[in-house]
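One structure below.
Counting convention: from 1, in listed order, for ligands and their atoms alike. Along the sequence shown, the residues carry numbers beginning at 1. All values reported here derive from a predicted model rather than from experimental measurement.
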Amino acid sequence: DAFTDIRLKGVSYAFGTHTVLHHIDLHIQPGSVVALLGPSGCGKSTLLRLLVGLAEPAFGEIWFGDRLMAKAGWSLPPEARDIGMVFQDYALWPHMSVAQNVAFPLKMRNVPRAEREQRVMQALERVGLTAFAGRKPAGLSGGQQQRVALARAIVAEPRVLLFDEPLSNLDSALRESLCHEMAQLLRQIGTTAVYVTHDRREAEWLADRIVHLAAGTVESECTVTSSSGEM
Ligand code: ADP
Ligand code: ADP
């Protein structure tokens, strides 16, 4: 049971009287990479906030494997969910070195120092940045900073990885190469991942399955074939 599945059962969410997610049913297979794709305002960020634990459903339940994450009136806090997250703006701590940024989730989990150092270097190796361990994030390019954030997200081997439009701040050539790099890394580590984007090409480059959201409902789901994005 190395990998966990994600289940949303009849999940609804409202801002006051404005319902933004309507009875979402979704099953994400263990170890799969799913893109949540849809236009601005369709509810992607809201759904991601529910998965992270920054919002609580009005109705329904969210499960990671056999663990209940949230139901109406109750929500497990983000730090108890065993997730790794990558944000659009990298969200690295500027006063910490690259290695210290990556080590942070391990410190939170009280991983002993020797093991921490080994796992930090392994994560940096996976993203090709071992030479940058002692540098501050400000000295790195946008693509490099996002690779550091990726290393930080995977270093503690969380049950679930969540991505919030991580490539939107990068220029399009870099976006494509980093997207393929991330796809390869996600296949290697095999962690169940949810990737929010409004860019259909990113979804096709990266995901096994695409869930199309429209106006707060799942409009359709499709499996991505390996030839996608190469036409
Ligand atoms: P997306 O991420 O797909 O752009 P969001 O989840 O941000 O969509 O927004 C879904 C809907 O919820 C939109 O109609 C948006 O206007 C509304 N919404 C988002 N945040 C708030 C808020 N803080 N208060 C009220 N309505 C909000
Ligand atoms: P601590 O706060 O644990 O005394 P530091 O603040 O120097 O140590 O570093 C924080 C963490 O960052 C360390 O636990 C270590 O895992 C990691 N780290 C720092 N520098 C390196 C490095 N050059 N190579 C690998 N890991 C490093």
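- At a threshold of 4.0 Å, the pair Asp164-Arg49 does not count as salt-bridged, since none of the basic side-chain nitrogens sits closer than that to a carboxylate oxygen.
- Heavy-atom contacts of His18 reach the following atoms of ligand 1: 14 (O) (cutoff under 4.0 Å).
- Once rounded to the nearest 0.5 Å, the distance linking CD1 of Ile24 with CG of Leu8 reads 7.5 Å.
- Looking only at protein heavy atoms, the nearest one to atom 1 (P) of ligand 1 is Gly41 N, 3.4 Å.
- For atom 8 (O) of ligand 1, the closest non-hydrogen atom of the protein is Gly43 N, 3.1 Å.
- Atoms of ligand 1 lying under 4.0 Å from any heavy atom of Val20, numbered from 1 in the order shown and given with element: 11 (C), 12 (O), 17 (C).
- No more than 12 heavy atoms of other residues, nucleotides or ligands sit less than 6.0 Å from atom CD of Gln184.
- Within the structure, ligand 1 lacks Gly216 among the residues with a heavy atom less than 4.0 angstrom away.
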Practice problem: Please assess Arg81 against Ser75 for the test side chain to side chain donor-acceptor pair (under 3.5 Å), listing each intermediate value before the final yes or no. | Solution: CA-CA 10 Å; Arg81 290 190 175 207; Ser75 176; 3.0 Å; yes
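- No more than 12 heavy atoms of other residues, nucleotides or ligands shown are found within 6.0 angstrom of CZ on Arg200.
- Residue nearest to atom 9 (O) of ligand 1, selected from Thr19, Leu21, Thr46: Thr46 (by heavy-atom distance).
- Close contacts of ligand 1 with Pro39, meaning ligand atoms under 4.0 Å from a residue heavy atom, involve 3 (O).
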Quiz item: Leu68 and Leu76: side-chain contact (heavy atoms from CB on, under 4.5 Å), yes or no, with the steps?
Solution: CA-CA 8 Å; Leu68 182 64; Leu76 192 66; over 6 Å; no
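- Considering only non-hydrogen protein atoms, atom 2 (O) of ligand 1 sits nearest to Ser45 OG, 2.5 Å.
- Atom 21 (C) of ligand 1 is approached by the protein to below 4.0 angstrom, counting heavy atoms only.
- Atoms of ligand 1 found under 4.0 Å from any heavy atom of Cys42, numbered from 1 in the order shown, are 1 (P), 3 (O), 8 (O).
- Not a single N or O atom of Phe15, backbone or side chain, sits closer than 3.5 Å to an N or O atom of ligand 1.
- Close approach of ligand 1 to Ser40 is summarised as follows: ligand atoms under 4.0 Å from at least one heavy atom of the residue are 4 (O).
- Rounded to the nearest 0.5 Å, atoms CD (Glu202) and CD1 (Ile210) are 11.0 Å apart.
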